[in-house]
Amino acid sequence: MPVTYIQAINQAMQEEMARDENVMLLGEDVGILGGAFKASEGLLEQFGSERVLDTPISETLIVGAGVGLAIQGMRPILEMQFIDFITCGFDQIVNMAATLRYRHGGQTSCPIVIRGPCGAGVHGGLYHSQNPEAWFFHVPGLKVVAPATAFDAKGLLKAAIRDDDPVIYLEHKFLYRRIKEDIPEGNHVVPIGKAALRKKGGDITVITYGSPVHAVMKAARDMASEVDIEVIDLRTLLPYDWETIRKSVTKTGKVLIIHEARLTGGIGGEIAARIAGDLFEYLDGPVMRLASKDTHNAFAGPMEEYIIPNQEKVTEAIRQLAAY
Amino acid sequence: MRVDVVMPQLGESVIEGVVIKWLVKVGDTVARDQSLLEISTDKVDAEIPSPAAGRIEEILAKEGETVPIQEILCRIETEEVADAPPPPPEKWDEEEEGFPGAMARKTGPPIPPAPRAEPAKEPAKPVPPPPAKEGVKVRISPVVAKMSAEYGLDVSRIPGTGIEGRVTKKDVEEYIARGGKEAAAAPAPKAKPAPPPSTPRAKPAPPPGAKVTPEGDQVIPFTPIRKTIAEHMVMSKRTSPHVHTFAEVDMHRVVAFRDEKKKEGISLTYLPFVIWAAIEAIREFPVLNAQVVGESTVIKKAIHIGVAVDTERGLIVPVIRNADEKSLLGLAKALDDIAARAAAKKVLPDELVGGTFSVTNPGRMGNLFGTPIINQPQVGILRMGQVVKRPVVIEAGGEDAIVIRPMMYLCLGYDHRIVDGVAGNSFLFRVREILEAGEFHL
C-alpha cells in the first residue's frame with residue numbers, strides 16, 4: 001500500500017518503539033494531539049504516556065531532558081514542532097549531546113534523535129520555513145540526515161534511532177503528503193552516510209538532498225534529450241558520502257550542488273571546496289551552487305518562489321553548466 | 001561664444017590625422033552635428049560633425065595638412081553667450097562646516113567640459129578591431145589541461161563546443177578518438193562559438209638570432225604532420241628525463257630461425273622477433289609498459305606496441321593492439337599489413353594512438369645504434385641497430401674462440417621518472433636473453 005512521507009516517519013517510530021522499549025518520544029503536542037502534523041498519531045495510545053510525553057513549550061528542555069534520558073540508557077526521539085525552533089535547544093545539542101562521547105573518552109554516547117519539519121515551499125514565512133542543517137554541519141559528534149523519499153524517511157529514521165550518537169533528522173514538510181510510495185514493511189534500514197545515486201548520467205553531476213531532489217529528477221527527465229544528468233541524493237549530510245561524489249565528479253567533470261538552505265555558509269560551499277581541492281584535475285567547469293537567496297524566507301508565494309531554488313532555477317542552472 | 005573644433009583621437013594609438021576635405025567654408029552657418037570636414041587617420045576615415053550650431057569663424061587647418069590630435073581645426077561662433085566662468089570653489093572651513101563630505105559641499109555649478117568635437121558616432125567606415133594579440137589565450141579547465149598534457153595535445157587546435165568556444169572534456173575525448181585530427185565537420189556547437197579573429201594573426205617574429213634567409217635557401221613551411229612531430233619531440237624531451245642503455249645482442253639464433261622459415265616460404269624480418277622479446281620482457285617488468293599520470297604510475301594492462309614506419313610525409317607510429325596476444329607470425333603479419341597500408345596512406349587515425357611501448361628499427365639504411373625519443377605518454381622505447389656480422393669472442397669447450405656472429409646493438413630509451421636503472425637494465429638484459437636463447441615458434 002502506498003505510504004506518504006509522513007506516514008513513513010510514523011511507521012518508523014511505531015516499529016522502533018515496538019522493537020525496543022527504550023525508544024520513547026518527547027515533544028510539544030506529540031501525545032494527545034498526535035503531533036502538529038500528525039507524525040506521532042496513535043503512538044500515545046499504543047505505548048502510553050510514559051513513553052510518549054507532551055512537553056512544555058521549551059526546546060531547551062526537550063533536548064536537555066533527552067540528553068539526560070540517553071545517559072540513563074534510553075533512546076529518546078525529540079520532536080521539534082518546527083525545526084526553526086531547534087536553535088532554542090542549540091546549546092544542549094552542540095555543547096552537551098555532541099560532546100558527550102568526547103568528554104568521556106569514548107566510554108559513553110548520546111543516542112538521541114532530534115527530528116522536526118524543515119523547509120520552505122509552503123508559505124510558512126520566516127519562522128516555519130527554515131533549513132538549519134548548516135548550523136549542525138559544523139559540529140563534530142553530530143550526524144545530520146535529510147530524506148527525500150518515503151523509503152528513506154522510514155529507513156533513515158530507523159537508522160537514526162538505532163544509532164548511538166545524536167542524529168539531527170530533517171524531514172521536509174513540503175514532502176509530507178506530496179510523496180507517496182510503496183515501501184517495504186518492517187525491518188528496513190537505510191544506512192547513515194550513504195548517498196543514493198538517483199540517476200546515472202555522463203554529462204554533469206547534480207548533488208542535492210531533501211526537497212530539491214524532486215525538482216532535479218524532473219529536470220533530468222524533461223531535459224533528457226539535452227543533457228545526461230547524474231543525480232546524487234546525499235541523504236546523509238554529516239558525514240556525507242564523499243566516495244559517491246568523488247566517483248561521479250571524476251566521471252563527469254562538471255558539478256552543480258543544489259540545496260534549499262541559504263547559499264552563503266551552506267553545505268554546498270564545503271562540498272564545492274572539497275571538490276575543488278581534491279578533484280581539481282578532473283573538473284571541466286566551475287563548481288556551481290544553487291541555493292536559496294541569502295535572506296529570510298517570505299510568506300508571499302511569489303516572493304518565496306523568488307527566494308528558493310524552484311524548478312525553473314534548477315533547470316536553468318543545469319542548462320548553464322551543461323553548456324559550459 | 002566661440003567653440004573650437006579639434007582633431008579627434010579616433011583610436012587609442014592614433015596621434016594625428018590628415019584633413020582630406022573641408023565641407024564648409026568661413027562664414028557658413030552650420031547646424032549642430034552637421035559634417036564639417038573629412039579626415040583620415042591611420043585607422044579610420046571619418047567626417048567630423050559640428051559640436052555646436054553657429055557660424056564658421058575661422059578655418060585653421062588646410063586640406064592635406066597633417067594635424068596632431070587635439071589641435072584646433074576650426075572655430076565656430078555660436079549665438080549662446082558663454083556662461084560666466086565658474087566662481088572658484090569657496091574655501092572649506094572645517095571648523096564651521098564640519099568634515100568635508102559629511103554634507104553636501106557648497107560649490108558652484110559643475111564646470112562644463114570644454115566643447116570638443118566628438119568623433120562621429122557612426123563613422124563612414126567601421127573602426128577595425130584592434131589587431132589580435134599574438135598567441136590567442138585559450139581558457140581551459142583543469143581536466144582539459146591534464147588530458148592535453150597526458151596526450152601531448154595542442155589545445156588551440158581542438159575545436160571547442162563550450163561557451164565562447166571553450167574546449168570541453170568531451171571535445172578533447174572526441175579529438176583523441178578522431179586520432180588528433182581536426183574534425184572535417186565539427187559537431188554543431190551547443191553555444192555560440194567565439195567569432196574567429198577578424199584579422200589574421202600576426203606572423204610570429206623570427207626567433208632571436210635567426211637570419212633573414214639568404215638567397216637560394218629553401219624555406220619549407222611545416223606540414224601539419226611535421227608540426228605535430230616537432231611539437232611532440234620537444235614535448236617528450238621536456239616531459240621525460242630520458243636515459244639510454246645499450247645491449248649487444250648475438251642474433252645468430254634469430255638468423256638461423258629466419259633462414260629455416262625462409263626455406264618454408266615464410267619471410268620474416270628482425271622486427272617481429274624484437275617485439276616478441278620485448279613483450280615477453282614487459283610481462284616480467286611491467287613498469288616499462290606504463291604511463292605517468294599526475295603523481296602516479298599507471299601500469300597498463302594491455303600491451304599495445306607502437307612501430308615506427310617511414311612514410312613520404314614523415315614518420316608515423318602505428319600501433320599493434322594487444323600485441324601480446326599475437327604469435328611471432330601474427331606480429332609479422334601485422335607489421336606487413338601496417339607497412340603496406342602506410343605506403344598506401346591508408347593507416348587510420350585510430351591506429352596511431354594508444355600505444356603503450358614502442359619499437360623502432362633503423363630502416364633499410366642500417367646503422368650501428370641510435371638513441372630514440374620516447375613516444376609520449378609511453379615510458380619506454382627499444383631501438384634496433386643494424387644486424388652486422390662481427391668477430392666475437394665466445395667460450396667453447398672451455399676455450400676462448402673468435403667466431404663470426406650477426407650482432408645487433410639494441411638501445412632502450414626509458415623515462416627515468418618512473419623507471420629506475422635497475423629495472424631498465426634488467427628489462428634490456430632480458431630482451432637480449434630471449435633473442436639469444438632462440439626458443440622461437442611461429
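Below, all heavy atoms of this structure are taken into account, side chains as well, without hydrogens, waters or symmetry copies. Please read all numbers here as calculations on a predicted model, not as lab measurements. In what follows, chains are A, B, ... by sequence order, proteins preceding strands, each numbered from 1.
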>> Could you check whether any side-chain N or O of K169(B) sits under 3.5 Å from a backbone N or O of G285(A), counting only pairs where one atom can act as donor and the other as acceptor?
In response: no
> When V143(B) is tested against each of L283(A), D284(A), T252(A) for side-chain contact (heavy atoms from CB on, under 4.5 Å), which residue passes?
Replying inline: D284(A)
> For Y282(A), does the OH atom have more than 12 heavy-atom neighbours from other residues, nucleotides or ligands under 6.0 Å away?
Replying inline: no
> How long is the span from the CD atom in E281(A) to the CD atom in E295(B), to the nearest 0.5 Å?
Replying inline: 8.5 Å
>> So for atom OH, which belongs to Y324(A), do other residues, nucleotides or ligands contribute more than 12 heavy atoms lying within a distance under 6.0 Å?
In response: yes
> Under 6.0 Å from the CD atom of E284(B), do we count more than 12 heavy atoms belonging to anything else shown?
Replying inline: yes
> Can you tell me if NZ on K194(A) sees more than 12 non-hydrogen neighbours from other groups inside 6.0 Å?
Replying inline: no
